[in-house]
Amino acid sequence: MPELPEVETVRKGLNQLVAGATITSVDVFWNRMITPPFSSERFQEELIGEQIHTIERRGKYLIFLLDNWAMISHLRMEGKFTVTKTGEPYQKHTHVVFHLADNRDLRYLDVRKFGRFSLVPIDKKEKYAPIENLGPEPTPIQFTLDNFHDKLSRTGRSIKAVILDQHVVAGVGNIYADESLFQAKINPMKPANQLNEGETKRLRDAIIDVIANAVEAGGTTIRTYKNTLGEAGKFQVKLNVYGKTNQACPRCGTPIEKTKVAQRGTHYCPHCQGSIDLYEKKEPKG
DNA sequence: ATACTTTCCTGGGCGC
DNA sequence: TGCGCCCAGGAAAGTA
């Protein structure tokens, strides 16, 4: 499931492979993948003849800078890009194909069809609301302690729900949320406005650190994630809690537990991070 | 305003 | 073996 580190790795691969290429035509095999206001027909028409200058990233969004358009792509759960020679048989789950002038295809594959493409006029690319409203990138300069503390103080939601909120900090998904909370030794159920100063700082530092290390490792491959070059990530060997249910905590040996917080599978060490029972269950048990 | 629920999707895993 | 059921989950729309 691509989070910031995986999307960043995909971005680098795309820049290596298709920066400078020109789109000659586009096939869309699943219309819902193209978000309003543009129909998939309009999407296909507008991209003809557009050159891909560079690919940027903001949070989990990829931004293809073209001549007249910014094409914005979100991979959601399972989206991936491949670059192949035109004419090669389509792999299963190929939903959008950008034919390039140099006899190659940039192809978008997505088992679950959750990914989305949007088109924004290039001079309005800063006005695209989903990106405009994102929180800061999780870097030391942009993701300030003051801002984070302010956001946490305003809500009693679980801290895990808050760091998954892209308006608070951009790019953190389920894997890196669990890993960051473990590194900072904070219970995922703890209400955000109950974190003290030390915890807030530890968590902010942990998010920055975990994301940076994962970017360096080329992301995490749990199930199917591959970058544009077809390579798996390497961060999965550094995971401490995600997917480690019943395995020994690397710090204290206590078995890692899995529960549900904010409707997401959540892995944590009940010794290092404290028992979930310390906090009132707000979620309906079903 | 906040906070929670539903929707979108398919493949994999499980019970019977 | 095969059918039905449930789960995984990011973001946006919907509801109270």
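Chain identifiers are assigned alphabetically (A, B, ...) following the order of the sequence lines, protein sequences preceding nucleic acid strands; residue numbering begins at 1 within each chain.
- With dG10(C), dT10(B), dA3(B) as the candidates, the nucleotide lying closest to the side chain of Arg157(A) is dA3(B).
- In this structure, Arg251(A) forms a cation-pi arrangement with Phe182(A), its terminal cationic atom sitting closer than 6.0 Å to the ring centre and no more than 45° off the ring axis.
- Exactly one of Asp105(A), Ile23(A), Leu17(A), Thr22(A) qualifies for a side chain to side chain contact (heavy atoms under 4.5 Å, CB included) with Leu100(A). That residue is Ile23(A).
- The phosphate of dC4(B) has neither OP1 nor OP2 within less than 4.0 Å of any side-chain N or O from Gln263(A).
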Worksheet entry | Worked verdict on Asp27(A) versus Gln44(A) for side chain to side chain donor-acceptor pair (under 3.5 Å) | CA-CA 7 Å; Asp27(A) 288 319; Gln44(A) 294 173 72; over 6 Å; no

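- For Phe98(A) and Phe117(A), the gap between ring centers is short of 6.0 Å.
- Proximity note for His74(A) (side chain, C-beta onward) versus dA11(C), dC9(B), dG9(C): the nearest is dA11(C).
- For His93(A), counting side-chain heavy atoms from C-beta on, the closest listed nucleotide (dT10(B), dG9(C), dA3(B)) is dT10(B).
- When each of dG9(C), dT5(B), dA12(C) is scored by its nearest atom to the side-chain atoms of Tyr61(A), the top-ranked nucleotide is dA12(C).
- Contact annotation: Lys60(A) does not reach the phosphate of dG10(C) (side-chain N/O to OP1 or OP2, under 4.0 Å).
- Closest contact between the side chain of Lys258(A) and the listed nucleotides dC8(B), dT10(B), dA8(C) involves dA8(C).
- Distance from the side chain of Thr155(A) is smallest for dA3(B) among the nucleotides dC8(B), dA3(B), dG11(B).
- Comparing the start and finish of the helix from dT2(B)-dA16(C) to dC16(B)-dG2(C), five pairs each, the helix axis swings through 50°, to the nearest 10 degrees.
- Side-chain atoms of Tyr242(A) lie closest to dG9(C) of the nucleotides dG9(C), dC8(B), dT10(B).
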